[in-house]
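All remarks here apply to the structure that follows.
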Amino acid sequence: MIEYSKVLFDHQEPRMALPGYLNDVAPQHAVLWNGIVNGLLDKAVRDAHENYAGQGFDLPVQIVADGDSDLNAGLIQQTWPAYPQRYATALGTQNTDEFLCHRSDVGVQGRLGQEEYLEWRDVHDADGRLLRVEMTTETRDYWAFLASVDPEQTLQLLADFARVDTIDPRDVFGTHDPFGIDSTPALRKCAFLTEMARSAYNQPVRGDFNNGSQAIAFMSNSANSLAATINLFAHGAYPFGTTDGSRALTGPELIATMPFGAAADCRNSDPNIFGTAISHAWDGRKLALANPAGIYIKNAGRTGDLLLPDKITPVPAHWIKFSRGTQVVQNGIDFSFFQRLVVEPDPDSGLVLGDLIVAQTGQPVTSGVDIARLVTIALYMKTSKANVSSDFEKVALAPARTANRDNPKGRAYRDVHAVYGAFLEDQSAQGLSLSSRAMRGG
């Protein structure tokens, strides 16, 4: 059996930068983030190697650290639509759209269905008009780190998101004083996650500054973590192909052939991450998660996807605001490393977001669901030239049927139906209809 040999992520140069090339923390703290990401990489690569070995596939690891001298093919984009396709397949588009924009302080939140590495909140005025939509791909992995090392910066960022001057630390850290003499990074992280992250799969976020009431800071869905993304990437980076050796397996085929607990071939993200990684591994390439590791908003559609009320004029580009990152140009190609998106008309325009028109439907924007349909998400990796990976050997498999993704009552959709059933029970108990405006709080 091939023994797993740890890839020396901890010694990679350059060090793993903060997501989006942010500068939220001092250099001595940024080094700690480097260690966190490299630990996630090492665990994911080890788990993938051992999982495949346990199924009789004794394969060398093709993943290396960014900075490996063979990685000369530039950035590779793994992209997918942000709209939650798994929910739409299981529930139908209308029910899914209503559910996704539901927010309340109790019971099941529609945000639980925002599982394609994009989460959002709708902001309304007192008259119920949709003012703006705020979207994020930032991860709990990063924000837990940030809160542990720099609570002051954490509070300031949250205040900026909420458009207020200051925030009471108790609204973010609960009863723990992050500035107290007895406070430690570990205690701050625990207190922050207790208040700001989801305590259980089907429970709402407690803290107003991440549950959509006052702000949204980072993704709360467990399926949307950086750790989950890296795990998918690691399991996809192996040269599995069809029995005739003519091609690599597709992402859905690999998921169906070797089921992984957290991967679903009916999502947009999982099979795309798998498919991109496996196609490059099949060519005998080394692969690396690109520095800085993160999940990014590639774009928010094209010019003309959103129109002014005249249904002819495209909205001004600066009404679609990207932040929490930067744009990188390599070989004449623009790569977005942005993690936050706010769609909002200028105040002096006299318009609100609900006045704008979705070009495809000709109807006004009703919620963040309409914007999510326009958004594309990106994960970046790097590769070497073909046939560079040492001890590279293709593995032929008979791909299993992928019909599971097309069966809305299949096992891949069971949790969707369970969540939606609980949601309907909550609505019934509260005397609300599915289309009630009360569902659209936040």
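Values reported hereafter were calculated over all heavy atoms of this structure, with side chains retained and with hydrogens, waters and symmetry mates removed. A quick note: this is a predicted structure, and the numbers were derived from the prediction, not measured.
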Practice prompt. Take the angle between the ring planes of Phe99 and Tyr420 and call it parallel below 30°, perpendicular above 60°, tilted in between.
Written response: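 Perpendicular, since the angle between the ring planes exceeds 60°.
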Item to complete: List the atom of Phe161, the atom of Glu134, and the distance in Å for their closest heavy-atom pair.
Response: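 Phe161 and Glu134 have their closest heavy atoms at O-OE2, 4.1 Å.
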Would [X] and [Y] count as having a side-chain donor-acceptor pair, cut-off 3.5 Å?
X      : Y      : answer
Arg188 : Ser183 : yes
Ser220 : Glu119 : yes
Asp346 : His318 : yes
Trp143 : Glu138 : yes

Worksheet item: Between Phe240 and Trp282, does the ring centroid distance fall short of 6.0 Å?
Response: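 Judged by ring-centre distance (under 6.0 Å), Phe240 and Trp282 do not meet the cut-off.
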Practice prompt. Verify the ring-centre separation between Phe337 and Tyr380: is it less than 6.0 angstrom?
Written response: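 Yes; Phe337 has its ring centre under 6.0 Å from that of Tyr380.
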Fill in: Exam field: side chain His49 to backbone Val45, donor-acceptor pair closer than 3.5 Å
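Checking the backbone N and O of Val45 against the side chain of His49, no donor-acceptor pair under 3.5 Å is found.
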Worksheet item: Taking the side chain from Arg285 and the backbone from Ser384, do they hold a donor-acceptor pair closer than 3.5 Å?
Response: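 Such a contact is found between Arg285 side chain and Ser384 backbone.
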Worksheet entry | Tyr52 and Tyr238: CA distance, side-chain angles, deciding distance, ring pair (Phe, Tyr, Trp, His ring centres under 6.0 Å) verdict | CA-CA 9 Å; Tyr52 285 130; Tyr238 284 88; 4.8 Å; yes
Item to complete: Starting from the C-alpha separation in whole Å, work towards a yes-or-no answer on salt bridge (Lys or Arg N to Asp or Glu O under 4.0 Å) for Arg324 and Asp160.
Response: CA-CA 12 Å; Arg324 298 292 290 164; Asp160 292 344; over 6 Å; no
Practice prompt. Can you measure from CG (Asn210) to CD1 (Ile216) and round to the nearest 0.5 angstrom?
Written response: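 The CG atom of Asn210 sits 6.0 Å away from the CD1 atom of Ile216.
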Fill in: Aromatic Tyr83 / basic Arg373 pairing, under 6.0 angstrom, 45° off normal
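Checked: cation-pi criterion met.
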Worksheet item: Can you check whether Lys321 reaches Glu344 side chain to side chain, under 4.5 Å on heavy atoms?
Response: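 Yes, side chains in contact.
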Discussion item. A side-chain contact here means heavy atoms from C-beta on lying under 4.5 Å apart; do Leu130 and Thr366 qualify?
Written reply: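 When only atoms from C-beta onward are counted, Thr366 and Leu130 do not touch, as no gap falls below 4.5 Å.
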